[in-house]
Amino acid sequence: MRILVVDDESIQRDMLKGFLEKQGYHVVAAENGKTALNRFLEQPFQLVLLDHLMPDLTGDEVLAEMKKINPLLRAIMITAYSSVDTAVKVMKLGADDFLEKPVDLFLLLEKIQMIEQCVIVKKEASDVTEVIDQSELPIRIIGEGVAMQEVLSLASRIAPTPWNVLIRGETGTGKELIARLIHLLSPRKDGPFIVINCGAIPENLFESELFGHEKGAFTGAATSRKGRFELAQNGTIFLDEIGELPLPLQPKLLRTLQERCVNRVGSEKDIQVDTRVLAATNRDLDLMTTKGLFREDLYYRLKVLEIELPPLSKRKEDIPSLVEFFLDRCGLSPISFDADAMATLVKYPFPGNVRELEHLIQRIVTLVRGSVIRNKDLPAEIRYHKATEPGVLADRLESVEREMLLSALEKNDWVQTKASELLGISERVLRYKMKKFNIQKG
Ligand SMILES: Nc1ncnc2c1ncn2[C@@H]1O[C@H](COP(=O)(O)OP(=O)(O)OP(=O)(O)O)[C@@H](O)[C@H]1O
Ligand SMILES: [Mg+2]
């Protein structure tokens with residue numbers, strides 16, 4: 001569980017943080033209400049421990065603001081003296097409990113553990129019930145298989161929160177579609193959804209694209225212009241292919257994420273922006289950060305929440321409904337695949353994922369005569385596709401050998417004489433190979 005501790009007294013704050021960290025919780029401390037709200041906007045917390053009396057904002061004010069952002073947040077208020085008045089007020093505001101100063105740490109731990117139990121039970125319940133009603137949405141996402149259902153359920157739980165999301169997945173897996181879905185299911189749905197493809201903008205124009213520029217800021221800047229962050233005010237900005245963001249610009253993006261403001265090129269003035277940031281990548285950002293190609297601090301800011309889109313080859317169960325969907329979308333008259341042709345499609349690994357499938361259907365529909373698509377109508381690369389993905393030959397051969405041994409043994413109830421006969425090898429060789437591949441019964 002992630003806990004935010006808010007207290008203006010440093011001794012009390014450090015004591016609580018130290019104690020809770022020892023208990024294995026992830027704890028962030030804030031010294032006043034404003035900092036607490038900033039931390040809260042940056043990353044999710046399930047529980048907040050709030051000092052009731054602080055110089056800037058009171059505990060109740062902070063809690064009320066936080067509850068607006070995350071109504072499911074749990075809170076324990078810490079008050080200087082017990083008064084029924086405060087207790088009632090605090091509970092009304094949605095605190096689950098309160099404690100008196102000096103804090104009895106064991107009582108605190110007990111209360112936290114109780115809250116934790118409730119949070120877990122609720123989360124499990126919501127995991128099961130979350131289904132998105134797509135009928136009201138202007139986009140359609142196909143995916144009845146378990147893998148995509150999990151993605152959709154995660155997206156629907158992530159959508160209402162204010163946190164940055166990093167969407168990962170191979171090319172063509174539907175990252176942009178999921179980003180749109182998150183925007184449409186969020187409280188910002190009536191605001192703009194602004195896309196910026198970090199891979200498609202020349203490096204020298206990047207800063208002005210993102211943050212805007214003032215008139216005369218550089219040669220060619222005849223008028224002042226808003227950047228994409230400003231255009232996404234009260235909405236969502238989608239930073240596509242974030243792995244392509246040039247290193248020199250990364251600190252500027254980081255600053256915008258931290259301070260929620262931008263400077264146009266050619267101006268020192270801070271412009272506040274209220275924008276939800278979604279980013280996507282098909283690159284290995286972990287590896288890029290270790291190689292120094294992507295800033296680690298920016299990476300952590302972007303991936304407060306993460307969604308991973310599985311490649312189409314790992315969710316082949318969705319292929320038939322995707323085919324039907326794309327046929328419907330581009331077909332003038334009803335067209336369908338016969339069973340053999342569909343089987344061929346399902347076997348193909350689709351390295352370009354859903355986008356490749358979509359283009360393939362468009363191509364076939366344009367060329368086909370008649371209303372039924374058969375194997376012969378499929379392009380040769382799909383019909384004659386063989387499992388020839390590159391890899392070390394010896395590894396591939398060993399894995400084939402291992403599978404053959406296993407299946408011969410299983411077919412013969414692990415009687416080695418029979419299995420070796422079937423395989424055409426001696427029993428001694430079979431035993432040697434079983435040892436080599438670590439094959440054991442059960
Ligand atoms: N589950 C899905 N249901 C329906 N259409 C989909 C689905 N997934 C992807 N598509 C379609 O496939 C195409 C590619 O999707 P999208 O652009 O979202 O992928 P991407 O992951 O952003 O790709 P890239 O990495 O190349 O930018 C789009 O036309 C999109 O509408
Ligand atoms: Mg994309």
Side-chain angles (χ1 to χ4, degrees), residues 130-156 158-159 164-186 193-201 209-210 228 232 236-245 277-285 287-288 294 302-303 305-331 337 342 345-346 348-366 382:
E130 217 85 46
V131 205
I132 303 171
D133 177 9
Q134 289 194 27
S135 59
E136 303 280 305
L137 297 177
I139 56 170
R140 180 96 168 81
I141 301 180
I142 306 293
E144 285 102 49
V146 180
M148 272 310 279
Q149 282 298 310
E150 260 170 33
V151 168
L152 294 177
S153 152
L154 187 60
S156 74
I158 278 178
N164 301 343
V165 185
L166 181 63
I167 306 168
R168 300 177 194 264
E170 288 178 10
T171 176
T173 43
K175 296 185 292 295
E176 183 163 344
L177 206 54
I178 289 293
R180 284 184 192 277
L181 176 74
I182 293 176
H183 171 71
L184 290 167
L185 295 176
S186 80
F193 178 82
I194 303 288
V195 180
I196 178 157
N197 185 337
C198 303
I201 297 172
E209 274 300 320
L210 274 179
R228 307 275 174 109
T236 305
I237 188 165
F238 176 51
L239 305 170
D240 203 1
E241 297 188 33
I242 188 73
E244 311 303 320
L245 185 69
V277 179
L278 309 178
T281 183
N282 55 18
R283 299 188 55 179
D284 184 345
L285 285 187
L287 188 69
M288 288 179 73
F294 202 87
L302 291 168
K303 67 166 198 150
L305 299 171
E306 289 179 83
I307 292 194
E308 172 100 38
L309 276 162
L312 189 55
S313 58
K314 295 243 168 75
R315 44 175 161 122
K316 287 177 176 278
E317 66 277 15
D318 291 339
I319 293 179
S321 31
L322 279 165
V323 167
E324 197 178 323
F325 173 67
F326 293 135
L327 279 174
D328 265 6
R329 209 158 69 174
C330 57
F337 276 68
M342 186 60 90
L345 269 197
V346 173
Y348 181 70
F350 288 102
N353 294 293
V354 184
R355 182 180 294 108
E356 185 181 358
L357 176 61
E358 183 179 9
H359 290 168
L360 174 73
I361 301 291
Q362 285 166 356
R363 219 164 99 200
I364 296 174
V365 168
T366 335
I382 290 185

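Counting convention: from 1, in listed order, for ligands and their atoms alike.
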Is [X] touching ligand 1 with its side chain, its backbone, both, or neither, if touching means heavy atoms under 4.0 Å apart?
| X | value |
| --- | --- |
| R140 | backbone |
| L322 | side chain |
| K175 | both |

Practice item. Please name all residues satisfying side chain to side chain donor-acceptor pair (under 3.5 Å) with R283, sequence neighbours left out, ordered by chain then number. Key: E244
Looking only at protein heavy atoms, which one is nearest to [atom], and what is the separation?
| atom | answer |
| --- | --- |
| atom 6 (C) of ligand 1 | L177 CD2, 3.4 Å |
| atom 22 (O) of ligand 1 | E176 N, 3.2 Å |
| atom 10 (N) of ligand 1 | V354 CG1, 3.4 Å |
| atom 23 (O) of ligand 1 | G172 N, 2.9 Å |
| atom 17 (O) of ligand 1 | R355 NH2, 3.1 Å |

If I apply the N/O under 3.5 Å rule, does [X] come out as touching ligand 1?
| X | result |
| --- | --- |
| G174 | yes |
| E358 | yes |
| R315 | no |
| I142 | yes |
| G143 | no |
| I141 | no |

Exercise for review: Begin with the C-alpha distance, continue with both residues' side-chain angles, and end with the deciding distance and a verdict on side chain to side chain contact (heavy atoms under 4.5 Å, CB included) for F294 and D284.
Suggested key: CA-CA 10 Å; F294 202 87; D284 184 345; over 6 Å; no
**Study point:** Pair L239-L245, side chain to side chain contact (heavy atoms under 4.5 Å, CB included): steps then yes or no
**Key:** CA-CA 9 Å; L239 305 170; L245 185 69; over 6 Å; no
Review point. Should the ring pair F238 and F193 be called parallel, tilted or perpendicular, given that the plane angle runs from 0 to 90° and is split at 30 and 60?
Key: parallel
Check your understanding: Checking side chain to side chain contact (heavy atoms under 4.5 Å, CB included) for the pair L278/I237: CA distance, chi angles, key distance, verdict?
Key -> CA-CA 6 Å; L278 309 178; I237 188 165; over 6 Å; no
Point to revise | F337: ring-ring contact (aromatic ring centres under 6.0 Å, His included) partners, not counting sequence neighbours | key: none
Review point. Does the pair N353 and E170 meet the rule for a side chain to side chain donor-acceptor pair (under 3.5 Å), with working shown?
Key: CA-CA 8 Å; N353 294 293; E170 288 178 10; 3.1 Å; yes
Exercise for review: Dump the intermediate steps for side chain to side chain contact (heavy atoms under 4.5 Å, CB included) on I196 and E209, then the final yes or no.
Suggested key: CA-CA 9 Å; I196 178 157; E209 274 300 320; 4.2 Å; yes
**Study point:** Other residues, nucleotides, ligands: >12 heavy atoms within 6.0 Å of Q362 CD
**Key:** yes
